[in-house]
Amino acid sequence: MSSYDPQPEHKFTFGLWTVGNIGRDPFGEPTRAPLSPVQILHLLAEVGAYGVNFHDNDLVPIDATPAERDRIVKEFRQALDDTGIVVPMATTNLFTDPAFKDGAFTSNDSHVRAYALQKTMHSLDLGAELGAQVYVFWGGREGTETDASKDPLAAMQRFRDAINFLCEYSIDQGYDYRFALEPKPNEPRSDIYLPTVGSMLGFIATLDHPDMVGLNPEVAHEHMGGLNFMHAIAQAWDAGKLFHIDLNDQKFGRYDQDFRFGAEMIKQAFFVVKFLEDVGYTGSRHFDAHAYRSANVEDVKAFARGCMRTYLILKEKARRFNQDPEIQSLLANINADDGAFDFLSSGYSRANADRLAATTFERPALGQRDLPYEQLDQLTVELLLGVH
Ligand code: GCO
Ligand code: MN
Ligand code: MN
């Protein structure tokens with residue numbers, strides 16, 4: 001067994017909708033036959049995944065009767081037992097049905113908003129029944145094409161009311177959920193509210209149960225906004241809000257690509273993995289991606305294996321980075337400190353302010369400090385390319 005084989009402790013998960021993607025796009029019909037949820041579980045077990053996540057309607061069709069629902073859940077639970085796959089996360093589809101054409105929680109129509117709440121209550125029940133502990137909210141249609149259509153303050157208040165209501169519902173039912181909000185700047189709407197990790201963090205502070213609510217950042221979503229994903233998850237982590245993560249890849253400035261993790265921006269992927277491993281993130285590593293439309297089912301397995309393998313290779317690279325004598329000695333020089341300003345670590349005091357005010361700085365010398373970042377980056381690149 002190579003050290004790049006996935007193990008349960010790596011917490012690699014996939015959505016039913018990811019490996020189950022049938023290769024439809026806005027210009028073309030499906031290229032792959034649909035797999036049933038049970039078939040997907042067996043595929044995931046075959047490639048070595050730990051967990052599966054789903055939208056309510058990935059598992060139970062939107063028009064299923066209660067009896068059909070129960071039969072489907074029973075079969076799925078049996079397949080979970082047979083394969084050893086677990087369900088760490090669940091979510092609601094609030095975007096496919098035409099009812100949600102103008103959003104769900106932020107729709108201008110109070111009937112749609114109420115239906116979205118009811119649908120999410122049922123979906124919370126379904127997720128809890130199958131063991132999910134993280135519940136993701138991706139507001140894919142919570143936005144506009146024209147700002148003539150919707151008041152952003154009303155939309156924000158509606159979204160807040162919905163999350164507050166559902167927090168109370170979860171508590172009232174005795175569920176163990178943590179809610180993870182997933183920002184995305186656009187697609188399928190022209191503009192989606194709360195577009196970035198930073199905006200979601202600001203929003204969470206306005207909720208009734210901010211402790212219960214965190215983030216599900218996605219690589220592609222921050223990249224669509226031209227942002228640095230590692231910086232985004234660092235901010236979420238710093239706030240104690242990195243509840244879940246969607247790993248994939250994406251060129252800047254393109255359509256929503258959902259590529260295999262590490263397929264495009266390998267250096268960025270490396271720093272994401274390094275960050276997660278360095279801080280000791282223990283949540284799911286969820287791959288919210290899908291295979292190229294050209295892939296057949298064997299290639300879909302290659303896609304899934306590739307996501308996990310690339311993560312583990314980058315994890316090994318991160319370990320080497322942290323132990324590499326040349327890299328570490330450069331970092332030690334870069335961060336060398338004579339301790340002259342240690343007194344500032346106690347923060348503000350009148351005495352500290354007076355002492356600082358009385359200090360004379362050699363400003364030209366400050367600008368002369370050596371910063372061999374070219375050497376450091378080249379070593380990083382060579383390490384990633386396998387020649388260092
Ligand atoms: C997207 C989103 C979704 C969500 C999913 C889970 O761009 O379509 O990333 O895949 O992650 O709905 O909530
Ligand atoms: Mn996405
Ligand atoms: Mn996602």
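Numbers here simply count residues along the sequence, with the first being 1.
H55 and D58 share a donor-acceptor pair across their side chains, judged by distance under 3.5 Å alone. Checked by atom type, the side-chain pair Q378/E374 shows no donor-acceptor distance below 3.5 Å. For the residue pair T144/D191, the side-chain donor-acceptor check at 3.5 Å is not satisfied. With 3.5 Å as the limit, one finds a donor-acceptor pair spanning the side chains of S346 and N352. Under 3.5 Å, the side chains of N248 and E218 contain a donor-acceptor pair of N or O atoms. Counting only N and O atoms by type, the side chains of Y169 and T120 include no donor and acceptor under 3.5 Å apart. Under the 3.5 Å distance criterion, with hydrogens and angles disregarded, no donor-acceptor pair is assigned to the side chains of S149 and T146. One side chain, K119 or N57, offers a donor N or O that lies under 3.5 Å from an acceptor on the other.
When atom types are taken as modelled, the side chain of Q133 and the backbone of P88 share no donor-acceptor pair closer than 3.5 angstrom. Checking side-chain atoms of T31 against main-chain N and O of R293 turns up a donor-acceptor pair under 3.5 Å. No side-chain donor-acceptor contact under 3.5 Å links K184 to the backbone of W138. Distance alone, capped at 3.5 Å, is enough to place a donor-acceptor pair between the N228 side chain and the H231 backbone. Of the possible donor and acceptor atoms, one in the side chain of N164 sits under 3.5 Å from a partner among the backbone N and O of D208. Remark: side-chain polar atoms of E187 are paired, donor with acceptor, to backbone N or O of D256 under 3.5 angstrom.
Using cut-offs of 30° and 60° on the angle between ring planes, the pair Y177 and F179 is tilted. Between Y281 and W237, the angle of the ring planes goes over 60°, which puts this pair in the perpendicular group of the 30/60° scheme.
Exactly one of V73, V87, L124 qualifies for a side-chain contact (heavy atoms from CB on, under 4.5 Å) with E129. That residue is V73.
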Please list every donor-acceptor pair under 3.5 Å in which a side-chain atom of residues 330-344 meets a protein atom from a residue at least two apart or in another chain.
unit_1: N335; atom_1: ND2; unit_2: L331; atom_2: O; d: 3.0
unit_1: D337; atom_1: OD1; unit_2: G339; atom_2: N; d: 3.1
unit_1: D338; atom_1: OD1; unit_2: A340; atom_2: N; d: 2.9

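Pairs of residues two or more places apart, or lying in two chains, never qualify as salt bridge (Lys or Arg N to Asp or Glu O under 4.0 Å) while including a residue from residues 13-34. Residue pairs satisfying the salt bridge (Lys or Arg N to Asp or Glu O under 4.0 Å) criterion with at least one member in residues 316-327, sequence neighbours excluded, are listed as follows: E316-R319, E316-R320. Among residues at least two apart or in separate chains, there is no salt bridge (Lys or Arg N to Asp or Glu O under 4.0 Å) pair with a member in residues 152-170. Residue pairs meeting the salt bridge (Lys or Arg N to Asp or Glu O under 4.0 Å) criterion with at least one member in residues 133-156, sequence neighbours excluded, are D102-K150, E145-R189.
Annotation for M265: hydrophobic cluster partners, listed by chain and number, are F252 (ILVMFWY side-chain heavy atoms under 4.5 Å, direct or chained).
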